[in-house]
Amino acid sequence: MTERYDEVERRFGIAAYASPHEGFAAVVKARYSDFIVHEVDMNGNIARLENLQTQPNNNSSPKCNEQISPSEIDTIGAKKRKHEETIDLKFTCESENNDDKATLNDNNPTNEDPSAADWENCLNELKKVLEEDPSNDIVAFLKESSASSYEGDKKFHMLAAIPDKQKRRSVHQLMKSTIFSSVALADTREGRIRVWHKKFEGDMPPDTFTGARGGGDKSGSSSKNGVDRGGKGKNNKNNKGGSWPADRPDFLRFVLYKENIDTSTAAKDVVRMARLNPKRGISFAGMKDKRGVTSQFCSTYRIEKEQLLAVNKTHEMPGFSGGGNTSSKGAGVLRVGNLSYSSDEVRLGSLGGNRFDIVLRNVDFGYKGTLTKEIVREKLGTAAKALQDVGFINYFGMQRFGKSNDTHEVGIAILKGDFKSAVEIIMREKNDENSQRVAEARKTWANRFVGIDVKNNENAAKDAEMKCAKSIQTDMGRFMVCEKSIVSTLARKPRDYKRAFSSIAKNMRSMFLHAYQSYLWNKVASHRIKTGGSSDVQVGDLVLIEDKSLKEGGGGTSGLKGKAVKVLDAEDVKGGKYSISDVVLPLVGSKIIYPKGSSGEHYDELLKKDDISKADFSKIGNIDKEISLSGDYRKLMCKPSDVTFEIKAYQDPYQPLMQTDLMQMAGTEITAATITEVDQAKEESKRDPENINSTTLFGMVIGFTLPPSSYATIALRELTKRPTASDYQSKLEVSGKCERNIEK
């Protein structure tokens, strides 16, 4: 049934499974609060928001548990959280009408945009900085645009000119606050503020002033002469020059809790709200995605606790407990807590892993008989046990290959020194383009040489490309940084594709090459599992025998430094010293060792097919002096630790099935029933053969901890035996037969 969607993954080497258990269909991220991530530091401490003030002296952060033994898996589901006290099928929750529409699922029963705001609160806040009429006009426009049935042409509301610089700044800051950030954006055009609905973000011209965070106005002075941003003023605590107690450690460590905001944006918001020095900002170990609820460790330099706690007071929403448990639905939420001083800074890469707690809704086995709680508990328990005991193939997820699944193609072109092809792949028309404006710009670019003999008339080609680049410069979406860099360069230096590609930021240029490395790794991993299985080592395998980076506080993902590998021979295999968990495959580079036998040969076959040689990875420095590709090693298998699961029986398709940190602090209970032991389910089946009513839905709350750079989506793929492709998930239903829309 899912073959068409599996094919997308197979193209990128994601083609095998580690264990043979029966899979099931389920909806992932029906609510953004269905995906909770808690960062784990190098000492095993879990970043959980436990208070909004300081870290209690007598209570350290919770630790990751040791891996649960196979014999304990049957009792994992019996572990209850303190907010769940009943197991009988009683549904007492009232519909809050606050269901979040998933990025991966289009089944929202309401007719409003799930990111719609609390309009009354929005209006009240606006009236604090603007007059009543413009405030009413802004809210009316945003509210009308939020409706899914909105078909109007108006994408922004333009305010009358505001002479007062401070008032203009206040409007921009309000649009960036948690109250408006889910539905609105603001920019300045010809001296007038325009308020855009968030759904039209892709249509915003990139050359308009957006009121930089904390940073003044085009028509006024910069923040250096305006609002204090943590410079060397007398009240600043964010620099060495200020007065700082000699007995107090330099770094303020805290937990950053966020909902529906990415880490980069959240960090900028903290700097703005707490008035920190933007040059120092805050430091963190790793980036966390926007789509979910995440908690991570951060630190900042020489800051008073009270200054940082201003983040929690800014536009505070009374009665809001987070987790989508509010009428503002998909609003962005930001909190800081667990504050304590430390001598150690939180550094990028100093990450032990991530703890994932994920809700899978409307679990469907395709079972044709009477579905009982006993059957549900047994099948899901088997799948969880397999994930714990066997693990999953440590594939790079589809995110690695970009929205249009073509980043690795750019990498191939660069390894060949073909900058023209690299630029064309980035700029070409995309089938999945959401913005009509961007789609038209890409089409214009594709047709820029129509009617021109490019081969014999270079001047005409340059002129056409320059004019085209200039004409579409303002049509690129504000986050299309690669395209914007390319177009900006070619508008000045047409037909100079090497210069155009080199104008892209170094980390983005490296990303294309890493995507190709990941593509090759996935392909060889599937080949290794197909030829050698997922349980035993074989002659020719590479095993990691040393990783000094782990001892030095790294996550083992920083490259080859400190790593040593060994190629297994027959004596090694017979001796039984190494297991499948020791096996690694190389990310192709200039300094790695390849496995022997079939896996090593498969690298050669794949490179030959793409007309790439191993030597090309050594020559990349001649093509791009800022980039090197020495390679790395990645574990073939990943076995999650701390695997737990619960099975929920519920009726409202979108009701909360799991507590966020804020919900726990607020005492917000989860009312869905928990199905615990198989024996109990059997007894209930005997008492009530039907066992469920026609409206009962089943969900699974699965929890596990993964090391850095391993993908939770790939773990879920192994658990469910279903593809991770977003177009597959978007067709699933949150009630009834889950896969009824999937083409056979």
Side-chain angles (χ1 to χ4, degrees), residues 29-38 46-53 56 59 62 79-102 110 114-118 121 178-179 182 255-261 291-295 311-313 315-338 355-361 644-675 697 699-703 734:
K29 292 188 180 181
R31 298 166 59 101
Y32 69 87
S33 52
D34 283 352
F35 198 89
I36 297 179
V37 185
H38 291 96
I46 303 177
R48 295 190 189 278
L49 188 70
E50 297 170 320
N51 61 75
L52 296 176
Q53 295 182 14
N59 185 24
K79 179 184 178 183
K80 291 187 177 183
R81 294 170 182 163
K82 59 184 178 182
H83 60 282
E84 296 162 338
E85 300 176 350
T86 179
I87 59 172
D88 59 327
L89 291 175
K90 293 181 180 179
F91 302 93
T92 59
C93 68
E94 297 178 3
S95 175
E96 297 166 346
N97 196 29
N98 63 350
D99 307 316
D100 178 62
K101 181 178 179 182
T110 70
S115 63
D118 182 338
N121 195 24
T178 55
I179 293 178
S182 65
V255 170
L256 175 67
Y257 171 96
K258 61 184 184 64
E259 300 183 8
N260 220 26
I261 308 174
R291 187 68 188 176
V293 178
T294 69
S295 299
V311 172
N312 298 336
K313 298 176 182 178
H315 300 300
E316 193 172 24
M317 300 170 68
F320 174 57
S321 60
N325 193 29
T326 170
S327 59
S328 59
K329 301 180 182 179
V333 178
L334 189 63
R335 296 288 186 273
V336 295
N338 299 44
R355 171 69 187 178
F356 295 90
D357 291 284
I358 302 168
V359 172
L360 306 177
R361 292 179 184 265
T644 63
F645 77 94
E646 290 178 334
I647 301 169
K648 301 290 186 180
Y650 60 103
Q651 288 183 313
D652 179 350
Y654 290 97
Q655 74 183 79
L657 300 183
M658 178 171 59
Q659 280 185 318
T660 65
D661 289 355
L662 278 183
M663 291 171 71
Q664 288 190 19
M665 290 171 59
T668 304
E669 295 186 353
I670 300 299
T671 57
T674 303
I675 302 172
L697 301 169
M700 182 182 197
V701 180
I702 181 79
V734 293

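FYI, the numbering just counts along the sequence from 1.
Summarising the geometry, atom CD1 belonging to Ile647 is positioned 10.0 Å from atom CD1 belonging to Ile702; distances are rounded to the nearest 0.5 Å. One finds the CG atom of Leu697 at 8.5 Å from the CD atom of Gln655 (value rounded to the nearest 0.5 Å). To the nearest 0.5 Å, atoms OG (Ser295) and NE2 (His38) are separated by 4.0 Å. Between the CG atom in Leu360 and the CZ atom in Phe35 there is a gap of 10.0 Å [rounded to 0.5 Å].
Annotation for Asp357 and Gly703: closest pair OD1-CA, 3.6 Å, computed over non-hydrogen atoms.
Put simply, the side chain of Asp34 does not reach to within 4.5 Å of the side chain of Ile358, judged on heavy atoms. For the pair Thr668 and Leu662, the minimum side-chain heavy-atom distance is 4.5 Å or more. Met658 has its side chain out of reach of Ser33: every pair of non-hydrogen atoms, C-beta onward, lies at least 4.5 Å apart. At a threshold of 4.5 Å between non-hydrogen side-chain atoms, the residues Ile36 and Gln659 do not count as touching. Side-chain contact between Val701 and Phe645 is absent, with no heavy-atom pair separated by less than 4.5 Å. Between Ile261 and Leu334, the closest side-chain pair of non-hydrogen atoms falls below 4.5 Å. Lys648 has its side chain out of reach of Met700: every pair of non-hydrogen atoms, C-beta onward, lies at least 4.5 Å apart. Looking only at side-chain heavy atoms (C-beta outward), Glu259 and Tyr32 come within less than 4.5 Å of each other.
Proximity of a side-chain donor or acceptor of Arg361 to a complementary backbone N or O of Pro653 within less than 3.5 Å is detected. Counting only distance, with no hydrogens or angles, the side chain of Asn312 and the backbone of Val336 share a donor-acceptor pair below 3.5 Å. Side-chain N or O atoms of Asn51 include none that pairs as donor or acceptor with a backbone N or O of Gly337 at under 3.5 Å.
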Applying side chain to side chain contact (heavy atoms under 4.5 Å, CB included), run through Asn121 and Ile179 and close with a yes or a no.
CA-CA 8 Å; Asn121 195 24; Ile179 293 178; 3.7 Å; yes

Given the rule in the side chain to side chain contact (heavy atoms under 4.5 Å, CB included) test, do Asp661 and Arg335 qualify, once you have shown the distances and angles that lead to the verdict?
CA-CA 10 Å; Asp661 289 355; Arg335 296 288 186 273; over 6 Å; no

Set out, in order, the CA-CA distance, both residues' side-chain angles and the distance that settles side chain to side chain contact (heavy atoms under 4.5 Å, CB included) for Met665 and Leu52, then state yes or no.
CA-CA 9 Å; Met665 290 171 59; Leu52 296 176; 3.6 Å; yes

Report the C-alpha separation of Tyr257 and Thr660 in whole Å, then their side-chain angles, then the decisive distance to 0.1 Å, and conclude whether the side chain to side chain contact (heavy atoms under 4.5 Å, CB included) test is met.
CA-CA 10 Å; Tyr257 171 96; Thr660 65; 3.3 Å; yes

